[in-house]
K.L.:
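Please find one structure pasted underneath; my questions will follow.
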Protein chains: 2
Amino acid sequence: MPTRTAAQRRAEARTVFDAAFADCPSRRLMERIGEKWVALLLTRLADGPRRHGDLRRSVPGVSQKMLTQTLRGLERDGLVRRSVTAGVPARVDYALTPLGESLLPVLAAVSAWADRHMADIDAARAAHGEPARSGSAGAGG
Amino acid sequence: MPTRTAAQRRAEARTVFDAAFADCPSRRLMERIGEKWVALLLTRLADGPRRHGDLRRSVPGVSQKMLTQTLRGLERDGLVRRSVTAGVPARVDYALTPLGESLLPVLAAVSAWADRHMADIDAARAAHGEPARSGSAGAGG
DNA sequence: CGGCATCCTACAAGATACTG
DNA sequence: CAGTATCTTGTAGGATGCCG
C-alpha cells in the first residue's frame, strides 16, 4: 500500500495546478463574467441603479436565487454596490461601482465581436454538420 | 383543475426564455471563450501553429481529453484549423483561422482589464472577509 | 503521437419552501 | 419585497484504459 492514495495524489496535483494557473488574471476574470447572469446584470445596471424586483423583471428567466447570488457575488468583488433602505417592505437598490463601470467597455468589446462574428461561428458550425441555432436576433446585451 | 400545471407553465416560460436569451450573441460568445481552456489555447496559438503534444506541454494542467475536446470545439466553430499529416506517428497541427485571430484583441481587452483591476477585486473580496488568493503573478494569457 | 470511450466527481444553476 | 435554506440535477471537467 502506497503512502499516498490516488485521490491524494490527485488533490496534490490539483493544488500545484491551481497555484500555477488560477493566478492567471484573465482566467479569473473570465470565470466572473462568464457566469450566466453576470454580463446581463452588469449591462442592465449600466443605465443606473435598480431595485431587486426591477432587475428580476428586466431579466427574463433569472430565478430569485440566482439573482441574489449573482448580485452578492458582484458586491463581494466590488463591482456592484448594494444599498438597503429600511422600511416595510424593505427596499434594496443595486448600482455599479466605478470598478464595475470600468468593466463595461470590456463587455462591450465582447458584445461587439459577437454581433459582428457570431454568424461566422454559426456558419462554420453548420458546415461541420451541426444544425446551428440561426441566431440572428440582436439582443446585444 | 387548470389546463396547465405549474410545471408545464414553467417549461413554457423556459422555452420562451431560451428563445429570447440564448440568441444573445454576447452570451453565446461568453460560453465559448469562458470554457476553461479556450482563452489559454487561443493565446498560445497566437504565436503560430502548434502540435498537439506541444500545446499540451505548454499548458500545464490540461488533460489530453480536454485539449482535444476544446480544440475540436474551436475547430467546429471555425476559430481553429486542424491539419493532419499522415505518417507513423501521425502529426497534427493546430492554427488560428482569421476568425480566430480576430478574437485575439477581445481576449487582450479582457486580459488587460484583468491585469489592471483584478487586484481591486481581490481587495474588495478581502474587505468582505474572504481571505483572497493573493493573485499577484502576471501570467497574462 | 493523437485520439476515442468510459466512468466519475464537483459544481453551477434551478425548484421549492420558509422567514422577516 | 428581499432574502435564506435545502434539495435536485445537468453538465463541464477530469482520470483511466485502449486503439491506429
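Just so it is clear: chains get the letters A, B, ... in the order the sequence lines come, proteins before strands, and each one is counted from 1.
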K.L.:
Less than 4.5 Å apart, side chain to side chain, heavy atoms only: is that true for Arg32(B) and Val38(B)?
P.N.:
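No, every pair of side-chain atoms sits at 4.5 Å or beyond.
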K.L.:
Could you tabulate the donor-acceptor pairs under 3.5 Å formed by side-chain atoms of residues 88-108 of chain A, not counting sequence neighbours?
P.N.:
{"unit_1": "Arg91(A)", "atom_1": "NE", "unit_2": "Asp93(A)", "atom_2": "OD2", "d": "2.8"}
{"unit_1": "Tyr94(A)", "atom_1": "OH", "unit_2": "Arg82(A)", "atom_2": "NE", "d": "3.4"}
{"unit_1": "Thr97(A)", "atom_1": "OG1", "unit_2": "Gly78(A)", "atom_2": "O", "d": "2.6"}
{"unit_1": "Thr97(A)", "atom_1": "OG1", "unit_2": "Leu79(A)", "atom_2": "O", "d": "3.2"}
{"unit_1": "Thr97(A)", "atom_1": "OG1", "unit_2": "Leu99(A)", "atom_2": "N", "d": "3.4"}
{"unit_1": "Thr97(A)", "atom_1": "OG1", "unit_2": "Gly100(A)", "atom_2": "N", "d": "3.0"}
{"unit_1": "Ser102(A)", "atom_1": "OG", "unit_2": "Leu99(A)", "atom_2": "O", "d": "2.6"}
{"unit_1": "Ser102(A)", "atom_1": "OG", "unit_2": "Trp113(B)", "atom_2": "NE1", "d": "3.0"}

K.L.:
Report all interatomic pairs (protein N or O, nucleotide N or O of nucleotides 2-5 of chain D) with separations under 3.5 Å.
P.N.:
{"unit_1": "dA2(D)", "atom_1": "OP1", "unit_2": "Arg51(A)", "atom_2": "NE", "d": "3.1"}
{"unit_1": "dA2(D)", "atom_1": "OP1", "unit_2": "Arg51(A)", "atom_2": "NH2", "d": "3.1"}
{"unit_1": "dA2(D)", "atom_1": "OP2", "unit_2": "Gly53(A)", "atom_2": "N", "d": "2.6"}
{"unit_1": "dG3(D)", "atom_1": "OP1", "unit_2": "Arg72(A)", "atom_2": "NH2", "d": "3.4"}
{"unit_1": "dG3(D)", "atom_1": "OP1", "unit_2": "Arg82(A)", "atom_2": "NE", "d": "2.7"}
{"unit_1": "dG3(D)", "atom_1": "OP1", "unit_2": "Arg82(A)", "atom_2": "NH2", "d": "2.7"}
{"unit_1": "dG3(D)", "atom_1": "OP1", "unit_2": "Tyr94(A)", "atom_2": "OH", "d": "3.0"}
{"unit_1": "dG3(D)", "atom_1": "OP2", "unit_2": "His52(A)", "atom_2": "ND1", "d": "2.6"}
{"unit_1": "dG3(D)", "atom_1": "OP2", "unit_2": "Tyr94(A)", "atom_2": "OH", "d": "3.1"}
{"unit_1": "dG3(D)", "atom_1": "N7", "unit_2": "Gln64(A)", "atom_2": "NE2", "d": "3.0"}
{"unit_1": "dT4(D)", "atom_1": "OP1", "unit_2": "Arg72(A)", "atom_2": "NH1", "d": "3.2"}
{"unit_1": "dT4(D)", "atom_1": "O4", "unit_2": "Gln64(A)", "atom_2": "OE1", "d": "3.1"}

K.L.:
Starting at atom NZ of Lys36(A), determine the distance to atom C1' of dG10(D), rounded to an integer number of angstrom.
P.N.:
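Roughly 10 Å, once rounded to whole Å.
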K.L.:
Considering all heavy atoms of both residues, which atom of Leu67(A) and which atom of His52(A) are nearest to each other, and what is their separation?
P.N.:
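What the structure gives for the nearest pair is CD2-O, 3.5 Å.
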K.L.:
Starting at atom CD of Gln69(B), determine the distance to atom P of dG2(C), rounded to an integer number of angstrom.
P.N.:
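To the nearest whole Å, that distance equals 18 Å.
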K.L.:
What residues form a side-chain hydrogen bond (donor to acceptor under 3.5 Å, both in side chains) with Glu75(B), not counting sequence neighbours?
P.N.:
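Partners of Glu75(B) by the side-chain hydrogen bond (donor to acceptor under 3.5 Å, both in side chains) criterion come out as none, since no residue qualifies.
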K.L.:
Leu67(B) has an atom CG; how far is it from atom C1' of dA15(D), in whole Å?
P.N.:
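To the nearest whole Å, that distance equals 16 Å.
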K.L.:
Between Leu40(A) (CG) and dA13(C) (C1'), how many Å, whole number?
P.N.:
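Rounding to the nearest Å, CG of Leu40(A) and C1' of dA13(C) are 15 Å apart.
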K.L.:
So what is the end-to-end bend of the helix from dC1(C)-dG20(D) to dG20(C)-dC1(D), with 5 pairs used at each end and the value given to 10 degrees?
P.N.:
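For the helix from dC1(C)-dG20(D) to dG20(C)-dC1(D), the axes at opposite ends meet at about 40°.
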K.L.:
Starting from C1' on dG2(C), measure out to CE on Met66(B) and report it in whole angstrom.
P.N.:
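Spelled out: CE on Met66(B) to C1' on dG2(C) is 16 Å.
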K.L.:
Arg56(B) CZ to dC4(C) C1': how many Å, rounded?
P.N.:
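Atom-to-atom, Arg56(B) to dC4(C), this comes out as 14 Å.
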K.L.:
Is any side-chain heavy atom of Arg27(A) closer than 4.5 Å to a side-chain heavy atom of Lys36(B)?
P.N.:
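Yes - at least one pair of side-chain heavy atoms lies under 4.5 Å apart.
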K.L.:
Would you kindly give the CE-to-P distance between Met30(A) and dA12(C), to the nearest whole Å?
P.N.:
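Checked: the CE to P distance equals 17 Å.
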K.L.:
Side chain to side chain donor-acceptor pair (under 3.5 Å): which pairs involve residues 55-67 of chain B, sequence neighbours left out?
P.N.:
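Matches after skipping sequence neighbours: Gln64(B)-Thr68(B).
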K.L.:
Can you find a pair of side-chain heavy atoms, one from Val62(A) and one from Leu41(A), that are under 4.5 Å apart?
P.N.:
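Answer no - side chains too far apart.
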K.L.:
My understanding is that only residues two or more places apart in sequence, or in another chain, count here; which of them pass side-chain hydrogen bond (donor to acceptor under 3.5 Å, both in side chains) with Arg50(B)?
P.N.:
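Once residues adjacent in sequence are excluded, the partners of Arg50(B) under the side-chain hydrogen bond (donor to acceptor under 3.5 Å, both in side chains) criterion are Asp54(B).
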